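This structure is a prediction, so every number in the text was calculated from the model and none was measured.
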Amino acid sequence: MAHIAAILREEADRLGAGARLPSSREIMRRHNVSPVTVSRAIGQLAAEGRVVARPGSGVFVTRRQRSDRGGADLSWQTVALGDRVVDDESVATLLQAEPDGVVPLTGGYLRPGLRPDRQLAAAAARAVRRPGAWAMPPLAGLPELRRWFAAQAGGDVTAADALIVSGGQAALTHAFRALAAPGTPLLVETPTYPGALAAARAAGLRATAVPVDRDGVRPDLLAEAFAVTGARVFFCQPTLHNPTGATLPLERREQVLQVARAAGAFVVEDDYARYLTEQPPPSLASMDPHGTVVHVVSLTKILSPSMRVAAVIARGPAAHRLRASQLVESFFVARPLQETALEFVGTPAWRRHLAAVHAEIRARRDALAAALAERIPQAEPHLLPIGGMHLWVRLPAEVEENALVEAARRKGALVSPGRLYFPSEPPGPHLRITHMAAAHLAELHEGVRRLAEAVTEATGDH
């Protein structure tokens, strides 16, 4: 086989990129070898990235990329991997660190000065001294932590309904894989959280948009979407919807559950912002006795990006599937992290931290709204949310969104483009502007000033 591979390698080099190698039958005739030998030789060349086989057409010489440093040629992996791509662009955009000198008007976590780093360190030190802190935890999570998350969800949710997972993003990934088969539709609000769209695509689901208004998703359009698509899963953020900030009123929450039950469908409730508002409304899970809701809630947003501790709450066969997904993918969440979370939320520092965050949110939200009204009155906020970290603004139709985002970057302000939040074509230019990432109010005002200059440049107003 090696001898035939060497001959074909030389022939491929001689013929050049795009040329077709002789057929397997011709190679067998020329060199008096078996079909197996020819197949293995061609396979060796394909592994080297020298040729690519096209069923029904033949074997063709590829264009070899040579490294100036003489490194390995990895181009063969493109053929081997196929077209099953995981698109991480939107998530990477949200998580990117701002360059020095740039004011961050985007981000999804507490700024360093507001994180309870010192208290978390103290909780971690106490936690790891607990007996068995480094032992394997129960597969579904520490019972006490599951009980705490169940109480947070409310209603008749119990510890038995809760599964501890590694953060909200992992929870969504598990939920989408467990509840829907690849190729099936997933209903989502539009706009919606880009991380959910990325997780849905990675699970092979087709995101179908359901419009929202100032009160959140519209139940009438949700019912229509279920009927038209046959979907069996609806993903939503009923409290401080990302990015619009809308919160579903109690009546609409009941209507959403009624619509989903009538469709025989699940509702994945991403309650990511439960701790970013002073008086969160009842969760959908607390209103659901039928196992319709799969509830996701995380400690990451309110504590630290590295506090990757969340709970998924579900009942019935769905709960079993979620536990199975967690087990085969990662076994369990590291026990010291679970112990640290449990230690922290059981201390007075937890309540003090919540109060400090809520006061900061109020001050920054109002400051951002006032600065936008003064400097960029043409940027219209969707609403003034009851908490959270962002304002969702609509820009004048003539603004080219990508050009504005790039202009803002040149001026020294980092903003989140609206297109990331739409599962299909955006209805117009938008920005999600974060007030919690800047170091202080003065920097927040400076960021808006820089953004205003970029808007002026993008619209040609002088």
Under the criterion side chain to side chain contact (heavy atoms under 4.5 Å, CB included), I'd like the reasoning laid out for V267 against C236: C-alpha separation, chi angles, the key distance, then a yes or no.
CA-CA 7 Å; V267 175; C236 65; 3.7 Å; yes
Are any non-hydrogen side-chain atoms of L120 and R115 less than 4.5 angstrom apart?
no
W350 side, atom CH2; L299 side, atom CG - distance, nearest 0.5 Å:
5.5 Å
Sub-3.5 Å donor-acceptor pair from the side chain of R364 to the main-chain atoms of A438, do we have one?
yes
Is it the case that T456 and R375 place a side-chain donor and acceptor less than 3.5 Å from each other?
no
Provide the closest heavy-atom pair for P138 versus P143 in the form atom of the first, atom of the second, distance.
CG-CD, 4.0 Å
Quick one: pull up CD1 in I302 and CG in L110 and give me the separation to the nearest 0.5 Å.
5.5 Å
Step by step, would you call F422 with H430 a side chain to side chain contact (heavy atoms under 4.5 Å, CB included)?
CA-CA 10 Å; F422 291 94; H430 292 79; 4.1 Å; yes
Spell out, as yes or no, whether a donor-acceptor pair under 3.5 Å connects the side chain of R253 to the backbone of P238.
yes
Ring geometry between F235 and F176 (parallel below 30°, tilted from 30 to 60°, perpendicular above 60°)
perpendicular
Do any N or O atoms from the side chain of Q326 and from the backbone of H174 form a donor-acceptor pair under 3.5 angstrom?
no
Evaluate salt bridge (Lys or Arg N to Asp or Glu O under 4.0 Å) for R450 paired with E453, printing each intermediate quantity in order.
CA-CA 5 Å; R450 297 179 185 183; E453 289 186 354; over 6 Å; no
Hey, does T244 have a side-chain heavy atom less than 4.5 Å from the side chain of E189?
no
First locate atom CG of L163, then atom CZ of F149, and finally report the distance between them rounded to the nearest 0.5 Å.
11.0 Å
Considering only heavy atoms from C-beta outward, does the side chain of I164 approach that of L142 to under 4.5 Å?
no
Specify the closest pair of heavy atoms between T292 and A265, including all atoms of both residues, with the distance to one decimal.
CG2-O, 3.4 Å
M287 and V293, any side-chain heavy atoms less than 4.5 Å apart:
no
Would you please say whether a donor-acceptor pair under 3.5 Å links the side chains of Q44 and E48?
yes
Check: P423 and T208 side chains under 4.5 Å, non-hydrogen atoms:
no
Can a donor-acceptor pair be found, under 3.5 Å and without considering hydrogens, that links the side chain of E339 to the backbone of W134?
no
Distance alone, cut at 3.5 Å: any donor-acceptor contact between the side chains of Y421 and S416?
yes
Close side-chain approach of L383 to P385, heavy-atom, < 4.5 Å:
yes
What's the verdict on side chain to side chain contact (heavy atoms under 4.5 Å, CB included) for R261 and D288, showing C-alpha distance, side-chain angles and the deciding distance?
CA-CA 10 Å; R261 284 197 292 268; D288 166 44; 4.2 Å; yes
Around atom CD of E254, are there more than 12 heavy atoms of other residues, nucleotides or ligands at under 6.0 Å?
yes
Would you confirm whether Q338, through its side chain, and G141, through its main-chain N or O, come within 3.5 Å as a donor-acceptor pair?
no
Could you tell me the separation between the CD1 atom of I313 and the CZ atom of R146, rounded to the nearest 0.5 Å?
10.5 Å
Nearest heavy-atom pair of L431 and P417: which atoms, and what distance?
CD2-CA, 4.3 Å
Checking the side chain of R252 only, and the main-chain atoms of G216 only, is there a donor and an acceptor separated by less than 3.5 Å?
yes
Please evaluate residues R111 and E443 with respect to the criterion salt bridge (Lys or Arg N to Asp or Glu O under 4.0 Å), reporting the C-alpha separation (whole Å), side-chain torsions for both, the decisive distance (0.1 Å), and the verdict.
CA-CA 13 Å; R111 61 181 177 81; E443 185 177 71; over 6 Å; no
Atom CZ of R232 with >12 non-hydrogen neighbours under 6.0 angstrom:
yes
If the test is side-chain hydrogen bond (donor to acceptor under 3.5 Å, both in side chains), which one of Q152, E269, R274 qualifies with H295?
E269
For P282 and L250 the tightest heavy-atom approach is CG-CD1, 4.5 Å
Candidate list I361, L276, T106, I433, test side chain to side chain contact (heavy atoms under 4.5 Å, CB included), partner M389, passing option
L276
Taking only distance into account, with no hydrogens and no angle test, what donor-acceptor pairs under 3.5 Å do side-chain atoms of residues 221-230 form with protein atoms, sequence neighbours excluded?
residue: T229; atom: OG1; partner: A225; partner atom: O; Å: 2.7
residue: T229; atom: OG1; partner: A231; partner atom: N; Å: 3.1

Go through V102 and R409 one step at a time and tell me if the side chain to side chain contact (heavy atoms under 4.5 Å, CB included) criterion holds.
CA-CA 8 Å; V102 172; R409 185 187 296 272; 5.8 Å; no
Given side chains that start at C-beta, do those of L451 and K411 come closer than 4.5 Å, heavy atoms only?
no
Any donor-acceptor pair under 3.5 Å from T239 side chain to T247 backbone
no
Under 3.5 Å donor-acceptor, T300 side chain and P305 backbone
no
Would you compute the distance between atom NE2 of H241 and atom OH of Y272 and round it to the nearest 0.5 angstrom?
8.0 Å
The residue among V259, V256, V268 that forms side chain to side chain contact (heavy atoms under 4.5 Å, CB included) with F234 is V256
For S325 and R321, indicate whether the former's side chain and the latter's backbone hold a donor-acceptor pair under 3.5 Å.
no
For A310 and G168, which heavy atoms make the closest approach, and how far apart are they?
CB-N, 3.7 Å
Interatomic distance, L384 atom CG to R214 atom CZ [nearest 0.5 angstrom]
9.0 Å
For a quick test of reading the model, state the closest non-hydrogen atom pair linking S286 to S283 and the distance between them.
OG-O, 2.7 Å
So does P280 get a backbone contact from the side chain of T277, meaning a donor-acceptor N/O pair under 3.5 Å?
no
Test item: V165 and L322 side chains (from C-beta on) under 4.5 Å apart, heavy atoms:
no
Partner of V217 under side chain to side chain contact (heavy atoms under 4.5 Å, CB included), chosen from L187, V188, V212:
V212
